[in-house]
> 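Got a structure here, written out as structure tokens. Questions coming.
Chain A is the first sequence line, chain B the second, and so forth, proteins listed ahead of strands; every chain is numbered from 1.
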Number of protein chains: 2
Amino acid sequence: MSKKNRPMTIGALAKAANIGVETIRYYQRRGLVTEPEKPFGSIRHYEEQALERLHFIRTAKWLGFSLDEIGGLLILQDGTHCDEARTLGEQKLTSVRQKILSLQRIERALDELVHECRVQQGSVYCPLITSLHDGLEKFSPEERP
Amino acid sequence: MSKKNRPMTIGALAKAANIGVETIRYYQRRGLVTEPEKPFGSIRHYEEQALERLHFIRTAKWLGFSLDEIGGLLILQDGTHCDEARTLGEQKLTSVRQKILSLQRIERALDELVHECRVQQGSVYCPLITSLHDGLEKFSPEERP
DNA sequence: GTTACCCCCGTAGTCAGCTACGGAATCAAG
DNA sequence: CTTGATTCCGTAGCTGACTACGGGGGTAAC
């Protein structure tokens, strides 16, 4: 039950990972993906490993890690640095949660304003605009970093 | 109960908003902050209003809005058409809600990983790292962008 | 074996969002 | 009135994450 480890060209790899060839080469330059040896005057071939690495990068990026941070995670790859990896994850988690809270406050504010606007239709003054004038202050005063 | 509206120089404004002078000027060029009239061959003075504007921009930026999007939000404050304002507000509301949902998915994924990491302490393999490897399939397979 | 596509590699451009530079004018302290 | 900090303004540079270009060479389908 082992997957075929058939090597592929950079184009095939890019297609398999659903990213651009140039992006892969950029990751190589950044040291996030290792460039395989070039067979005598020929074309490089990539193993399944490279595809997994690209998945790793894509997922970590989705989680909000920067390429530099991903580089940091890759160093921890041998699995023996769980503490450090967890710390990185916890930091990301904290900032994500802060963003969610702030967005929820904005959501409530916008929702209220839009709602008032609909009720008040036909009036000369736009409640949304007038409320925004000083109204946003009560929704996010000092919680702003 | 009205605050003193003492005007300040751009330097004082920058200090008050805790951002750089150059950044303010950049926002002016982008049309996010209006540049006050320059008194006869002299120095511009900024009102409290400008400071509030900068707070607004900073908050919205931290929440992940681009400067262009912030420009859109600011039209709500300067505009005179209720319909347009409401429409913009509704669009923003929709995108804010999408952002919240995305961040909540990210939060769940990170939270589970960090949790597994803590439970698994002492193991040879780090669950966070291995999950990144496997592409986080079990958390949110096809909803990843 | 020719043709069309793909790879290699370096360099350069893009986009967002700043950040810095530099020289002239202006203001504030002493 | 001098000195030293600010302001003004235009333009240029930087970071992060790509994306494109171009010329030369390999590969594979017919």
> Which residues pass the side-chain contact (heavy atoms from CB on, under 4.5 Å) test with B:A16, not counting sequence neighbours?
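side-chain contact (heavy atoms from CB on, under 4.5 Å) list for B:A16, sorted by chain: B:L51.
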> Listed by chain and number, what are the side-chain hydrogen bond (donor to acceptor under 3.5 Å, both in side chains) partners of A:Q28, not counting sequence neighbours?
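Result, side-chain hydrogen bond (donor to acceptor under 3.5 Å, both in side chains) vs A:Q28: A:Y46.
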> By nearest atom, which of the nucleotides D:dC8, D:dA17, C:dT19 is closest to the B:R29 side chain?
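For the B:R29 side chain, the nearest candidate turns out to be C:dT19.
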> Establish, with yes or no, whether the OP1 or OP2 oxygen of D:dC18 is under 4.0 angstrom from a side-chain nitrogen or oxygen of A:Y27.
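For D:dC18, OP1/OP2 do have a side-chain N/O of A:Y27 under 4.0 Å.
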> Closer than 4.0 Å, any side-chain N/O of A:T23 to the OP1 or OP2 of D:dC18?
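No.
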> So what does A:E69 touch, heavy atoms closer than 4.0 Å: a base, only the sugar-phosphate, or nothing?
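Nothing, no nucleic acid heavy atom in range.
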> Rounded to whole angstroms, how far apart are CG on A:L67 and C1' on D:dC18?
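Value for this atom pair: 9 Å.
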> Give A:K61 one of three labels, base, sugar-phosphate or nothing, depending on what nucleic acid heavy atoms sit under 4.0 Å from its own.
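Contact class for A:K61: sugar-phosphate only.
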> List the residues meeting side-chain contact (heavy atoms from CB on, under 4.5 Å) with B:E90, not counting sequence neighbours, and say none if there are none.
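Result, side-chain contact (heavy atoms from CB on, under 4.5 Å) vs B:E90: A:V114, A:R118, B:R86.
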> Would you mind classifying the nucleic acid contact of B:Q28 as base, sugar-phosphate or nothing, using non-hydrogen atoms under 4.0 angstrom?
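It contacts nothing in the nucleic acid.
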> Whole Å only: how far is the CD atom of B:E35 from the P atom of D:dC8?
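So the CD-P distance, B:E35 to D:dC8, works out to 7 Å.
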> Show every salt bridge (Lys or Arg N to Asp or Glu O under 4.0 Å) that has at least one partner inside residues 95-104 of chain A, sequence neighbours left out.
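Applying salt bridge (Lys or Arg N to Asp or Glu O under 4.0 Å) to every pair that reaches into residues 95-104 of chain A, excluding sequence neighbours, yields A:R97-B:E107, A:R97-B:D111.
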> Please write out each protein N/O paired with an N/O of nucleotides 28-30 of chain C under 3.5 Å, distance rounded to 0.1 Å.
none

> Specify the separation, in whole Å, of atom CG of A:D68 and atom P of D:dC18.
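To the nearest whole Å, that distance equals 12 Å.
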> Donor-acceptor check, side chain of B:E116 to backbone of B:L113, threshold 3.5 angstrom: yes or no?
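No, the answer is negative, given that no donor and acceptor are paired below the 3.5 Å cut-off.
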> Run the side-chain contact (heavy atoms from CB on, under 4.5 Å) test against A:E22 and tell me which residues pass, sequence neighbours left out.
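A:E22: side-chain contact (heavy atoms from CB on, under 4.5 Å) contacts with A:R25.
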> Quick one: list whatever passes salt bridge (charged side-chain N to carboxylate O under 4.0 Å, His left out) with B:R44, sequence neighbours left out.
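For B:R44, the residues satisfying salt bridge (charged side-chain N to carboxylate O under 4.0 Å, His left out) (neighbours in sequence not counted) are B:E35.
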> With nearest nucleotide decided by heavy atoms, which residue, B:G20 or A:K38, maps closer to the 5′ end of DNA chain C?
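On the 5' side of the pair lies A:K38.
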> Can you tell me the distance, in whole Å, between the CE atom of B:M8 and the P atom of D:dT6?
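After rounding, the reported distance stands at 17 Å.
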> Find the distance B:H45:NE2 to C:dT26:P and express it as a whole number of Å.
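Taking atom P of C:dT26 as the reference, NE2 of B:H45 is at 13 Å.
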> What's the CD1-C1' distance between A:I57 and D:dA17, to the nearest Å?
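That distance rounds to 12 Å.
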> Main chain of A:K92, side chain of A:S95: is a donor-acceptor contact present, judged purely on distance under 3.5 Å?
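Judged by distance alone, yes, a pair lies under 3.5 Å.
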> Measure CD1/B:I10 against P/C:dC27 and give the value in whole Å, please.
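These atoms are roughly 15 Å apart.
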> Within the structure, does a side-chain N or O atom of A:R30 lie under 4.0 Å from either OP1 or OP2 of D:dA17?
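Result: yes.
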> For A:I57 and A:I19: C-alpha separation, side-chain torsions, deciding distance, then whether side-chain contact (heavy atoms from CB on, under 4.5 Å) applies.
CA-CA 11 Å; A:I57 294 170; A:I19 66 179; over 6 Å; no
> D:dC18, C:dG17, D:dC8: which one has an atom nearest the side-chain heavy atoms of A:Y26?
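Of D:dC18, C:dG17, D:dC8, D:dC18 is nearest to the side chain of A:Y26.
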> I'd like a list of close polar pairs between nucleotides 22-30 of chain D and the protein, N/O only, cut-off under 3.5 Å.
{"unit_1": "D:dT27", "atom_1": "OP1", "unit_2": "A:S42", "atom_2": "OG", "d": "2.7"}

> How many whole angstroms separate atom CZ of B:F65 from atom C1' of C:dG17?
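Rounding to the nearest Å, CZ of B:F65 and C1' of C:dG17 are 17 Å apart.
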> Quick one: side-chain contact (heavy atoms from CB on, under 4.5 Å) partners of B:R30, sequence neighbours excluded?
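Residues passing side-chain contact (heavy atoms from CB on, under 4.5 Å) with B:R30: B:Y26, B:L32, B:L67, B:D68.
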